[in-house]
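Just follow the structure's listing: the first ligand is 1, and inside any ligand the first atom is 1.
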Amino acid sequence: MPAKNSVFEKIGKTFTSEKISQRVRGMAVSAIKEMSLLAMEIPDSVNLAWGLPSFETPLPIRKRIADELLTNPTIGKYAPPPGLPELKSKIAARLKEQKGIVVDPQKQIIITAGGMQALMMAWMTVLEPGDEVLIASPGFSSHYEQVYLAGGVPVAVPLLEEQDWRVDITAYRRAVTKKTKALVLVNPANPTGSVISEADLRAIGKLALEHGLFVITDDPYEVYVYDDLELFHMLRLPELSRQVIACASFSKEFAMTGWRVGWILAEEGITNQMLKVQDSFVICAPTISQVASLIALEESYEPTLQMVEEMKQRREIICSRLDNLSDLFSYQKPQGAYYIFPKILPEDLRNSVDFCVRLLKESGVVTVPGSAFGPTGEGHVRMSYCFTRQEIHEAFDRIEKWWARVRG
Ligand SMILES: Cc1ncc(COP(=O)(O)O)c(C=O)c1O
């Protein structure tokens with residue numbers, strides 16, 4: 001039996017139950033990937049589903065890695081399991097320069113195969129069966145699945161939609177039980193694009209301190225922040241240094257989603273435990289991709305700044321196109337990342353899986369059902385504006401035509 005809310009289940013894909021573990025039967029492929037895979041079966045579809053930016057990995061990185069492939073005798077070999085020491089040193093130097101945070105790179109950082117593996121390492125290392133993890137609702141769908149896979153229990157904590165999807169400290173306080181082990185924060189957030197203020201982060205930090213909770217930070221979109229907002233990071237709270245486990249990624253900052261490199265940072269006693277998980281999962285992150293990441297940190301930052309600038313423009317485009325559909329959607333303007341999470345206004349269309357499957361079949365536009373992001377996500381859709389301006393316009397031309405037909 002596949003999981004509830006599965007798009008694949010809805011469209012009738014087959015699932016073998018016999019001899020398949022309960023653990024896996026209870027999961028779903030994230031609806032983000034389900035919708036994108038489904039779209040591959042529909043010719044000429046336009047994708048607003050996956051957070052897969054249109055940008056290529058910057059040319060200087062690709063050129064230098066091509067050279068490394070031919071000349072570096074260790075490029076095809078395992079790297080040390082915790083990661084290339086030079087890469088870890090560079091990451092620590094950046095942390096000091098950008099955030100004023102001092103860490104010991106060789107003891108506290110492990111390089112992973114993407115932020116996703118970093119997160120999975122965190123869950124596997126800290127969760128006992130039945131431990132609860134507080135996840136924003138709406139929040140990143142894979143956190144829900146990963147916590148479940150690691151034997152934990154995801155607990156949805158509703159955000160305040162009318163206040164730009166702000167975190168609700170009272171709701172966090174109310175959600176803590178004896179079984180709560182950790183909470184996870186994404187800033188700026190996926191799927192809402194909201195930014196958590198320093199004051200709210202400090203309030204959450206206080207709660208974590210009071211109850212001895214791990215604070216897992218997952219920040220692949222840190223660089224995508226608009227409107228001159230400043231990001232605060234939990235690593236800047238010294239009183240939490242034994243409780244914060246920070247997960248980060250090269251995927252979005254350097255247009256390197258396919259290279260699969262991220263990193264995890266925690267106190268030394270925790271990273272030593274995590275190395276056991278690293279060894280079982282991957283041994284080490286791909287060496288070639290680690291070298292590419294080191295090159296990314298050495299090369300000019302200009303391509304990233306250009307990507308952020310372009311994303312700002314795309315945010316304006318998607319907002320203005322949504323404004324033209326004000327009888328179908330309402331929305332909160334995102335402050336960061338590259339997602340928007342509009343509410344579906346007509347009552348009869350508010351089942352988000354039905355809505356997204358219908359929109360795909362009838363207009364060829366791929367979006368993600370809001371229910372994938374926790375209970376508060378129902379009645380919404382996630383749209384990503386990391387695609388080209390032309391693709392965003394094409395998607396909205398189609399949605400407008402579709403809506404004119406449906407509305408009659
Ligand atoms: C909030 C969040 N965390 C983690 C990831 C995974 O990123 P990576 O490519 O580093 O595995 C994503 C990807 O979309 C994400 O949105």
Of all protein heavy atoms, the one nearest atom 3 (N) of ligand 1 is Asp218 OD2, 2.6 Å
State, without any angle test, whether Ser352 and Ser371 hold a side-chain donor-acceptor pair at a distance under 3.5 Å. yes
Qualifying residue for side-chain contact (heavy atoms from CB on, under 4.5 Å) with Glu378, from Val353, Asn351, Ile344: Asn351
I'd like the name of whichever of Cys386, Ala248, Ser249 reaches closest to atom 10 (O) of ligand 1 through any heavy atom. Ser249
Side-chain donor/acceptor of Gln332 to backbone N/O of Trp165, under 3.5 Å: no
closest protein heavy atom to atom 13 (C) of ligand 1 is Lys252 NZ, 3.1 Å
Could you list which atoms of ligand 1 come closer than 4.0 Å to a heavy atom of Gly115? 8 (P), 10 (O), 11 (O)
Within a 6.0 Å radius of atom CD on Glu298, are there more than 12 heavy atoms belonging to other residues, nucleotides or ligands? yes
His143 near ligand 1 by a heavy-atom separation under 4.0 Å: no
Taking only non-hydrogen atoms of Gly51, do any sit less than 4.0 angstrom from ligand 1? no
Of all the atoms in ligand 1, which lie at a distance below 4.0 Å from a heavy atom belonging to Ser251? 8 (P), 9 (O), 10 (O)
Tyr331 and Asp323: side chain donor to acceptor below 3.5 Å: yes
From Gln146, Glu253, Met116, Lys33 - option closest to atom 6 (C) of ligand 1 by heavy atom: Met116
Cys356 side chain near Val368 side chain, heavy-atom distance below 4.5 Å: no
Any non-hydrogen atom of Tyr221 lying under 4.0 Å from ligand 1? yes
Give yes if a backbone or side-chain nitrogen or oxygen of Val261 is under 3.5 Å from a nitrogen or oxygen of ligand 1, and no if not. no
Check whether any N or O atom of Val186, backbone or side chain, sits under 3.5 Å from an N or O atom of ligand 1, and answer yes or no. no
side-chain hydrogen bond (donor to acceptor under 3.5 Å, both in side chains) partners of residues 118-133, not counting sequence neighbours, each pair once: Trp123-Gln146, Asp131-Lys181, Glu132-Thr177
State, yes or no, whether a side-chain contact exists between Tyr338 and Lys252 at a heavy-atom distance under 4.5 Å. yes
Proximity flag Thr257 to ligand 1, non-hydrogen atoms under 4.0 Å: no
Note: ligand 1 atoms sitting under 4.0 Å from heavy atoms of Gly114 are 10 (O), 11 (O)
Which residue and atom name correspond to the protein heavy atom nearest atom 11 (O) of ligand 1, and how close is it? Arg260 NH2, 2.8 Å
Can a side-chain donor-acceptor contact be found between Glu253 and Tyr301 if the only test is distance below 3.5 angstrom? yes
Please check if any side-chain donor atom of Tyr226 sits under 3.5 Å from a side-chain acceptor atom of Lys312, or the reverse. no
If we only count N/O pairs under 3.5 Å, is Asn190 in contact with ligand 1? yes
Closest protein heavy atom to atom 12 (C) of ligand 1, given as residue, atom name and distance to 0.1 Å: Phe140 CZ, 3.5 Å
Please determine if Arg64 and Glu68 form a salt bridge, counting it only when a charged side-chain N lies under 4.0 Å from a carboxylate O. no
Heavy-atom contact under 4.0 Å between Gln117 and ligand 1? no
